[in-house]
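Working notes for the structure below.
Sequence positions, counted from 1, serve as the residue numbers for this chain.
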Amino acid sequence: MQNIISDIKSGDVEAFREFFNDYYVVLCVFAARFLQSDEQCKDVAQEALTEYWEKREDFDELYKVKGYLYTVTRNRCLNILRHEKAGRECLDVCEANLESELVFENLVIEQETYLLVRKAVDTLPPRMRTIIYGMLDGKKNARIAEEMGIGEGTVKALKQTAYRKLREQLKEHFYLLLLF
């Protein structure tokens, strides 16, 4: 991932597109913790990533880019909350939460963990991926089986295999998964 930062710095649009695809969803979810409008969350994420692209030459390291993106996203959320009259009661609580460094760090760790898990799930074979995403959406095995047109036993077996593969892929990051 570090090479992608140097590629982006040199103006590689494809590298930025790949980075954008990874972090757009993560930043949308991050913004959704504080904003109620999906459209606002999408706008905030897109603006943060666009701003990074415009300032790409200032960044050499991935952790600095991530810190920048989360900080820009947080600040844009604060600005939106400050300008919304209807959200005045929530503003004090949200502002305190957004500005608290410990809360901010925990949210960043949560989002990075989400990205790791999502990328690991995306590497699974299609049927396993569908089952895991269905499970993450709160669906029971019977419903997943019905939607996929397969037996419930097949869903259970594929889920077990998927879990094994995910454990293998994520074993280095096990400590992060325990936090959330």
Handout entry: CA sep, side-chain torsions, deciding dist, call: Leu81, Leu35, side chain to side chain contact (heavy atoms under 4.5 Å, CB included)
Key = CA-CA 8 Å; Leu81 290 172; Leu35 302 175; 4.1 Å; yes

Problem - Residue pair Trp53, Val13: steps toward the side chain to side chain contact (heavy atoms under 4.5 Å, CB included) verdict - result: CA-CA 9 Å; Trp53 172 256; Val13 176; 4.1 Å; yes

Practice task
Applying side chain to side chain contact (heavy atoms under 4.5 Å, CB included), run through Ile131 and Met128 and close with a yes or a no.
Solution key: CA-CA 5 Å; Ile131 290 168; Met128 287 182 198; 5.7 Å; no

Exercise for the section: Begin from the C-alpha positions of Tyr23 and Tyr70 and carry the test side chain to side chain contact (heavy atoms under 4.5 Å, CB included) through to its verdict. Expected result: CA-CA 10 Å; Tyr23 274 89; Tyr70 286 116; 4.1 Å; yes

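Using a 4.5 Å heavy-atom threshold, the side chains of Phe30 and Val44 count as separate. Side-chain contact check for Phe19 versus Arg56: every heavy-atom pair is 4.5 Å or farther apart. Two residues are said to be in side-chain contact when any heavy atoms from C-beta on lie closer than 4.5 Å; Glu61 and Ile5 fail this criterion. When side chains are defined from C-beta on, Tyr68 counts as touching Lys55, because their heavy atoms get closer than 4.5 Å.
A donor-acceptor pair under 3.5 Å is absent between the side-chain atoms of Thr154 and the main chain of Ile150, judged by distance alone. Arg17 places no side-chain N or O within 3.5 Å of a backbone atom of Glu14 that could act as its donor or acceptor partner.
Summarising the geometry of Asn21 relative to Arg118, their closest heavy-atom pair is O-NH2, 3.7 Å, with the distance given to 0.1 Å. Of all heavy-atom pairs spanning Val65 and Phe59, the tightest one is CG2-CB, 3.6 Å. Here the shortest heavy-atom pairing between Gln46 and Tyr24 reads N-CE1, 4.0 Å. For Arg129 against Asp122, the heavy-atom pair with the smallest separation is NH1-O, 2.8 Å. Between Ile144 and Gly134, the shortest heavy-atom distance links the atoms CD1-C, 3.9 Å. Across all their heavy atoms, Leu69 and Ala48 have their closest contact at CD2-O, 3.5 Å.
Classified by interplanar angle (parallel below 30°, tilted 30° to 60°, perpendicular above 60°), the ring pair Phe16/Tyr52 is tilted.
In this structure, the separation between CG on Leu27 and NZ on Lys66 is 11.0 Å, given to the nearest 0.5 Å. Thr161 OG1 to Arg127 CZ: the interatomic distance, rounded to the nearest 0.5 Å, is 11.0 Å. Here the straight-line distance linking atom CD of Gln36 with atom SG of Cys41 works out to 9.5 Å at 0.5 Å rounding. Interatomic distance, CG of Asp43 versus CD1 of Ile80, reported as 7.5 Å (0.5 Å rounding). Note that CG of Asp12 and CG of Asn3 are 11.5 Å apart. Values are rounded to the nearest 0.5 Å. Rounding to the nearest 0.5 angstrom, the gap separating the CG atom in Leu78 from the OG1 atom in Thr73 is 11.5 Å.
No more than 12 heavy-atom neighbours from other residues, nucleotides or ligands sit within 6.0 angstrom of CD on Glu146. Enclosure of atom CD in Glu168 by more than 12 non-hydrogen atoms of other residues, nucleotides or ligands within 6.0 angstrom is indicated.
Checked for salt-bridge contact, Asp60 and Lys9 meet the test: a charged N lies under 4.0 Å from a carboxylate O.
With sequence neighbours excluded, the residues forming a salt bridge (charged side-chain N to carboxylate O under 4.0 Å, His left out) with Arg76 are Glu47, Glu51, listed by chain and number.
Sorted by first and then second residue, the salt bridge (charged side-chain N to carboxylate O under 4.0 Å, His left out) pairs with a member in residues 150-161 form an empty list; sequence neighbours excluded.
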